[in-house]
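What follows is a single structure, written as structure tokens, with notes after it.
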Amino acid sequence: MPLIEVQDLARDYRVGEVTVPALRGVTLSIERGEFVAVMGPSGSGKSTFMNLLGCLDVPSGGRYLLDGEAVSGLGPDRLAGIRNRYLGFVFQNFNLLPRASAQENVELPLLYANIPAAERHRRARAKLEKVGLGERAHHRPAQLSGGQQQRVAIARALVNEPPLILADEPTGALDSHTSRELMALFQELNAGGITVVLVTHEPDIAAYAKRLLMFRDGRLIEDQQGQGARFKGQGTPGTPLPLEPCPLNL
Ligand code: ADP
Ligand code: MG
């Protein structure tokens with residue numbers, strides 16, 4: 001059974017009298033253990049798709065099965081429960097609480113899940129160590145670099161041990177060296193069994209994935225398998241394969 005299965009998934013936004021069809025019927029499935037990059041021009045529906053996968057939004061049409069369970073049609077409480085159990089979400093702008101330490105930011109999802117304090121501390125600390133930030137647990141976001149802040153966000157996404165990480169342009173605010181380090185971390189997480197779905201507009205970043213989905217005008221227009229797979233029409237044909245993922249510099 002696929003981890004994710006969507007059939008004819010659609011999302012219309014109403015803006016006044018106008019309806020914007022952001023997603024126009026996407027059908028695909030994603031197995032456990034996949035590492036999927038989502039690409040496409042700005043406005044093609046990538047974030048809309050990710051928000052639906054992440055149960056942050058509700059489709060206007062179609063079906064979404066997460067681990068075999070029909071998600072479309074569930075109410076907000078059930079969706080929150082599913083998010084806790086299945087999903088870690090990583091955003092372009094980190095979305096950390098500015099006044100909270102790295103440790104407190106990572107503990108937050110455990111607080112919502114009513115985990116006792118000592119256990120929260122222990123688990124959050126372990127995830128910070130996993131992303132190479134054990135020494136920075138008491139720093140606030142402003143005291144960390146962009147790459148480090150994104151690592152905190154990844155630790156937070158991991159703290160509930162979800163099988164699935166969704167990342168919407170996680171390297172969009174980072175320089176290319178830091179981006180490569182972060183992609184090496186996603187690769188390592190994926191090698192450990194976590195399914196990763198990641199939006200990027202950079203072919204070099206997408207090349208870390210094992211499968212590429214290309215969106216245009218709210219539709220899935222290409223679906224390619226293979227490490228470093230590239231889309232025709234994306235980048236220059238015949239460009240060399242992307243840089244080797246660099247070792248984690250922790
Ligand atoms: P992408 O992430 O690929 O840039 P989005 O999924 O954000 O694209 O947007 C797809 C389309 O839906 C765009 O035309 C965008 O303007 C529109 N859209 C996205 N979010 C909203 C919203 N909250 N209200 C109205 N229109 C939206
Ligand atoms: Mg987007």
Side-chain angles (χ1 to χ4, degrees), residues 4-30 34-64 66 71-76 79-80 83 87-96 146-147 149-150 153-154 156-157 164-176 178-179 182-183 186 195-209 211-224 229-235:
I4 288 172
E5 194 171 358
V6 300
Q7 293 157 356
D8 220 15
L9 197 70
R11 176 68 165 104
D12 297 328
Y13 293 111
R14 290 216 38 133
V15 184
E17 297 294 294
V18 183
T19 300
V20 181
L23 214 60
R24 305 172 188 240
V26 169
T27 299
L28 59 85
S29 54
I30 296 173
E34 285 202 72
F35 187 168
V36 181
V38 176
M39 297 190 79
S42 179
S44 58
K46 305 181 297 296
S47 293
T48 300
F49 177 66
M50 295 294 279
N51 291 342
L52 291 173
L53 292 190
C55 301
L56 299 169
D57 189 18
V58 177
S60 317
R63 255 159 76 81
Y64 175 18
L66 179 58
V71 173
S72 28
L74 295 183
L79 287 179
R83 279 199 302 272
L87 297 161
F89 216 111
V90 178
F91 301 90
Q92 176 171 353
N93 295 316
F94 324 135
N95 285 18
L96 300 175
Q149 289 181 60
Q150 195 59 298
I154 292 170
R156 181 183 57 189
L164 174 62
I165 295 280
L166 300 170
D168 193 349
E169 304 208 34
T171 65
L174 303 175
D175 65 71
S176 60
T178 307
S179 297
L182 212 67
M183 291 311 294
F186 279 112
T195 308
V196 180
V197 183
L198 181 147
V199 174
T200 180
H201 56 263
E202 293 166 80
D204 283 356
I205 295 298
Y208 284 77
R211 177 180 176 190
L212 287 174
L213 305 175
M214 182 67 147
F215 282 73
R216 182 165 297 158
D217 295 332
R219 293 195 174 87
L220 178 67
I221 58 161
E222 291 214 41
D223 184 346
Q224 279 191 17
R230 285 192 173 218
F231 290 111
K232 302 161 216 117
Q234 187 73 29

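Side chains included, hydrogens not; waters and symmetry mates left out as well; all remaining heavy atoms used. Just follow the structure's listing: the first ligand is 1, and inside any ligand the first atom is 1.
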SB check D168 K46 (cutoff 4.0 Å): no
Side chain R24, main chain V26, donor-acceptor under 3.5 Å: no
CA sep, side-chain torsions, deciding dist, call: R156, L96, side-chain contact (heavy atoms from CB on, under 4.5 Å): CA-CA 9 Å; R156 181 183 57 189; L96 300 175; 3.8 Å; yes
Output field: ring centroids F49/F215 closer than 6.0 Å: yes
Ligand 1 to V20 polar contact by distance, N or O atoms, under 3.5 Å: no
For atom 6 (O) of ligand 1, closest protein heavy-atom neighbour: T48 OG1, 2.6 Å
Option nearest atom 3 (O) of ligand 1 (shortest heavy-atom distance, choices M39, R11, K46): K46
Donor-acceptor contact below 3.5 Å, side chain Q150 vs main chain F91: yes
Atom indices of ligand 1 within 4.0 angstrom of S44 heavy atoms, with elements: 1 (P), 3 (O), 8 (O)
Numbering as shown, the atoms of ligand 1 that approach V15 to under 4.0 Å (heavy-atom distance): 25 (C)
Partner of M214 by side chain to side chain contact (heavy atoms under 4.5 Å, CB included), out of Q224, R219, E222: E222
Pick from G45, G40, S47: the one approaching atom 7 (O) of ligand 1 most closely through a non-hydrogen atom: S47
Nearest protein heavy atom with distance in Å, relative to atom 27 (C) of ligand 1: Y13 CD1, 3.2 Å
Under 3.5 Å donor-acceptor, T195 side chain and L164 backbone: no
Residue and atom name of the nearest protein heavy atom (relative to atom 12 (O) of ligand 1), distance in Å to one decimal: A22 CB, 3.2 Å
Pair Y208, T200: side-chain N/O donor-acceptor within cut-off below 3.5 Å: no
For atom 13 (C) of ligand 1, the protein heavy atom that lies nearest, with its residue and separation: G43 O, 3.8 Å
Ligand-residue contact atoms, ligand 1 with P41, heavy atoms, under 4.0 Å: 3 (O)
Metal site the Mg ion (ligand 2): N/O/S of S47 inside 2.8 Å: yes
Flag: protein heavy atom within less than 4.0 Å of atom 16 (O) of ligand 1: no
Per-atom contact, atom 21 (C) of ligand 1, protein heavy atoms, under 4.0 angstrom: yes
Whether over 12 other heavy atoms sit under 6.0 Å from R83 CZ: yes
